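Contents: one structure, followed by commentary.
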Amino acid sequence: MGSKRNSVLIVGAGIAGIQAALDLAEMGVEVHLVEDTPTIGGRMPQLDKTFPTNDCSMCILSPKMSECARHPGIQIHILSNLKNVSGKPGRFKCTILERAKYVDPVKCVACGLCEDKCPVKIEDTFDVGLRTRKAISRYFLQSIPAEYTIDKDKCLYLTKGVCRICEKTCEAGAINYEDKDREVELEVGAIILAAGIDPFDPIGFGHFGYHRYPDVVTSLEFERMLSASGPMGGHVVRASNGKEPKKLAFIQCVGSRDEGIDRNYCSSACCMFAIKQSIIAKEHIKDLDSSIFYMDIRAFGKDFDKYYEKAEKQYGVKFKRSKVADIIETPEGKLRLRYTLEKGTTQYEEFDMVVLSIGLQAREANQRLSEDLDIRLNEFGFCRSERFSPLMTSREGVFVCGAMNGPKDIPESVVSASGAVANAVRFLDLERQGLPTADESIPEKNVIGQRPRIGVFVCHCGINIAGVVDVKDVAEYAGTLENVEHTEDVMYACSTDCLDTIKKRIEEHDLNRVVVAACTPRTHEPLFRETINEAGLNPYLFEMANIRDQCSWAHMDQPELATIKSKDLVEMGVAKSRGLQPLERLPIEIDPKALVIGGGLSGMTSALSLADAGHQVYLIEKEDELGGNLRNIFFNFDDKDPQVFLGDLIKKVSRHKMIEVLKGAEIEDISGYIGNYKTSLKAGSGKEGRLLDHGVVIVATGGEEHKTEEYLLGKSSRIVTQVEFERMLHEKDFPAGKLKNVVMIQCVGSREEGRMYCSRICCSKAVKNALELKKVKSKTNVYFAYRDIRTYGFSEKYYTELRDEGTVFLRYTPDSKPVVELIDEDVTDSRARVTVFDPIMDRDVVIDADLVVLATAIDAPEKNEELAKKLKVPLNADGMFLEAHVKLRPVDFATEGVFLCGLAHSPKDMDESQAQAKAAASRALTFLNRKAVLAEGTICQVMTDRCSGCSYCESICAYSAIEVDPEKLVAVVNEALCKGCGACVASCRCGALDLRGFTNQQMYSVFDSLDLVITEKVGD
Amino acid sequence: MSEWQPKILAILCNWCSYAGADLAGVSRMQYPPNVRVVRIPCSGRVDPLMILKGLQSGFDGVLVSGCHPGDCHYISGNFVARRRFAVLKPLLEFVGVEPDRVQFSWISAGEGERFAQVVTKVTEDIRKIGPAKRLVKGA
């Protein structure tokens, strides 16, 4: 064990790489995040909004990016590539090549002066060529690291030896033309590949006129147009005439589902991407007419179908099932689409603008990476993973996540990233983390009761602030304020020398509060807090005045007013700081045991991951045997037998010394909070009572097959569900030879009133079973009645295969569903007559079926409701568990320490369930691998003498963190659960609550700090 | 000081609106320098009394801004805030505070431009109404 390294190298810093890095770092693992571009973030920063919540992409991503940058355990290597790997899992030797940046990251303050002055304009790849940048630039506005880099192939000095303007402009002296590429050797225990995907380049699609007609754009270009921080500032206009488009068309599957160009797979995300863009575009241009030209709408994810409905019903987006043949620009400058409807008729329609919904393709760089690292790729160039091991590569100790092994949307990428971490952990020398140790040599000064002695530091930030605001004047003014003992203007407050100065001044002037007037606390407060803490002050005795982002940059033409505003902001900061009190972050001990609820594939996978990482797991299952729904699955698209896999899994789980399996279990009560849960239950044949202590909970309660009588299910032994059919196929004496006609009906219960969601796996499952049937008896006629075929990802090729086998696909709509009648009502095994309206022939098709197979929906178990109440976690409208954030926290609940995976979250296939189960384990490990966590200091406090015990705060708190003590009849805050939002404080009728760090008194003194009445008199 | 400049208190939530204000600056969007921003964790922290205190302190107007409905970092704080504002608005009007003096908005962390627009509009609205005297101590 001792020879294993406790470090991981991650290739690619998109959302998957970032998530993996953060999970590992939280477990105390040293992470090297290797990124090819000059910034972390990947594709997400390019997106304006995300489906199906229309969340702003950058807003949800940027906190994760800053966290990555700040975390001491994560080392970011930008402009770097992994070149070579030798050694064994647990102890790989890696060589990475770090390319020269030509800007010293320590000195650069990201002021942007160099970029203003640089004479060389180059294509801005971030804005997909829609605008230009300079040869020295920051990749995008919020890129991390923030420092600038020089494009050495474009820089005049580096290519021709002339210019050096940036060097002269840079006041920080950060330009270094002598910078060199360098190789870095690293030893790591495991490697995670998260190198992402590329968008398909439709340049070869001449018939769509991309690049020939300016108003034909790709979906990625359109996304940048929609973005408020994009090249057009969020105003969608036609490149041809600068006017808003009135009619917009989206063409789906450009570069996907296309055997002709070797892309016989579905890119999985583009349908939703187009629906999102059509909604957002409509919000930008009210009377916009949008049409989506598509083959099948694949809205298969959680809450996706509702979003699709919303686009159609609420936003009036037109969905046109068709195949677009070509686009021609008319003399009037309109784009004329020629398209073929399902029936075969050709139509023409004119649009102002056309968006090509481009697919996702494997990155070219995968090829080189596969050779350098000796890993296998699949037929489409994606990293190859085998069934039942979805996050593994062909090389032991090297894992893959994100879209690198197949097209994925954001939450699936996040899930796979956390999942890959759970795999990587097995090769690490993981050690349980203590609390971040405070430096004992600097005891914290006791400032309680002391008169405030405030130090104010006003930052020039080069000329970013000083170019507009009279910094010296502001600093002098600060000196006149009550309690300010020291004031000084500094060039760069965040530079290492200035941080030392601050510490020195605290010492010299015995300061007990510090105010820095500079940039934004969102990025810099943690740095300054750490600094004053190093000088013996409690970190909460710090306040920031934002005079750059919210003053000098926003009022560049009004220097006098900007200076007045800066003085006010400093004065308000000083007023706030007077009332600041040292706050304590209470440690919460973590019991390192886990409770996993549900013994199906997901639950067992989670349990095994946690147990392998050395933690005691209680795995509870309501039934008397393990396996869940997996017990009903007998085939796969390939030869891997699910039952053999299940048998092995059950064996591993049952024999693992760290797992206690409790079958026939019934939970009675769950109480407690992160790190300290108590669960009472009855288990086993005798229903013996047990009381379990554990630190975390993983919910893996699965799903159920929808029970229905629709299509006469149950009325004849020849009308069965797909699950029953699979079992029949598996049985040796299955009379396949006697089946002439088999009808499969899809979406039985799914995507309709009461169950407005897609059950996701039924299309692939039906295709799989139909192919299996064809294997046994190829002459059987298979009729497939469907609404949309949703064989997303690499399952698409099996759909193609089934079509090539001569299967008849009949599309139906919810208002003309297939009709099933019994041919002989008197027998129990009556054949059935199925009538389906075929839109292609425009008439009914009547089939006398020997077997009707129904793809019944996946339901959320009714018991979810009871469990949700016990755990105090939410369910969505469909009764499935609702995660903390649909995009970036797909396996966490908002309640810390509780996680979810598998069908409990939403319908998904086996590989997806496994990935999510590992992800839940990995997220749980970020807590279990610590002895204690610190609660936030800025939390709610109760002044018990004022509390009337009305319990209104209880109803407000989203985290169940405040409760009225039934005996004392006063509110009590659970400091472990309180997140410090202050919603209860503002709601308290007695004024008995307050928010530490943002107390009412502090707020009011800030408001009162400015001499506003006089200002008014001046105006009179 | 040739012309009267309204001073406006802007109470912004940390996760969305304050970040939106930062983005406006980063994008160098220009807006009137009349707002004084106070950062709070969540718009749910805003007590109706806090708005009244702001006016009482002499601010000519108050802008409160949080995350868009559904985006709240604290799950539902902005909904709580919305409920409170709905109750406070008619009360303010009843005591004679002009309706535009206190405004609410939802600005996300990605909406720098929207922040600039909202601040510009609020400033102009309040400039039109004139200095606040109704609740100011000693005025």
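Model, not experiment: these values are computed from the prediction. What's counted below: heavy atoms across the whole structure, side chains too, no hydrogens, waters or symmetry copies. Just so we're on the same page: letters track the sequence lines, and every chain starts at 1.
- Taking 4.5 Å as the heavy-atom cut-off, the residues of residues 80-93 of chain B that approach chain A are B:Val80, B:Arg83, B:Arg84, ordered by number.
- In terms of heavy-atom pairs under 4.5 angstrom with chain B, the leader among A:Pro521, A:Gly234, A:Ser1009, A:Ala884 is A:Pro521.
- Using a 4.5 Å cut-off between heavy atoms, A:Asn1000 touches chain B through backbone and side chain atoms alike.
- The residue among A:Met572, A:Met556, A:Lys49, A:His885 with the most heavy atom pairs within less than 4.5 Å of chain B is A:Met556.
- Heavy-atom pairs under 4.5 Å with chain A peak, among B:Gly130, B:Gly77, B:Ala21, at B:Ala21.
- Chain B forms the most heavy-atom pairs under 4.5 Å with one residue out of A:Cys984, A:Gly980, A:Ala986, A:Cys957, and that residue is A:Ala986.
- For the atom pair CG of B:Asn14 and SG of A:Cys981, the computed distance is 12.5 Å after rounding to the nearest 0.5 Å.
- Both the backbone and the side chain of A:Ser987 come within less than 4.5 Å of a heavy atom of chain B.
- By the 6.0 Å contact criterion, CD on A:Glu560 is open, its count of non-hydrogen atoms from other residues, nucleotides or ligands being 12 or less.
- Put simply, of A:Ala958, A:Cys988, A:Ala545, the one with the most heavy-atom pairs under 4.5 Å next to chain B is A:Ala958.
- Among residues 29-47 of chain B, the residues having any heavy atom closer than 4.5 Å to a heavy atom of chain A are, in sequence order, B:Met29, B:Gln30, B:Tyr31, B:Pro32, B:Pro33, B:Val35, B:Arg36, B:Val37, B:Val38, B:Arg39, B:Ile40, B:Pro41, B:Cys42, B:Gly44, B:Arg45, B:Val46, B:Asp47.
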Check your understanding: B:Glu113 and A:His235: side chain to side chain contact (heavy atoms under 4.5 Å, CB included), yes or no, with the steps?
Key -> CA-CA 12 Å; B:Glu113 190 175 359; A:His235 302 295; 4.0 Å; yes

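- For the pair B:Lys53 and A:Tyr1004, the distance from NZ or CZ to the six-membered ring centre is under 6.0 Å and the angle to the ring normal is within 45 degrees.
- Of the listed residues (A:Asp48, A:Asp557, A:Asn464, A:Leu995), the greatest number of heavy-atom pairs within a distance under 4.5 Å of chain B belongs to A:Leu995.
- Residues B:Phe59 and A:Phe1007 share a closest heavy-atom pair of CE1-O, 3.7 Å.
- Contacts between A:Gln558 and chain B at a heavy-atom distance below 4.5 Å involve the side chain alone, from C-beta outward.
- B:Tyr74 and A:Tyr959 make their closest contact through CA-OH, 3.1 Å (heavy atoms, listed as atom of the first residue, atom of the second, distance).
- Here the CG atom belonging to B:Leu12 is positioned 6.5 Å from the CD atom belonging to A:Gln550, to the nearest 0.5 angstrom.
- Residue B:Tyr18 touches chain A through both its backbone and its side chain, counting heavy-atom pairs closer than 4.5 Å.
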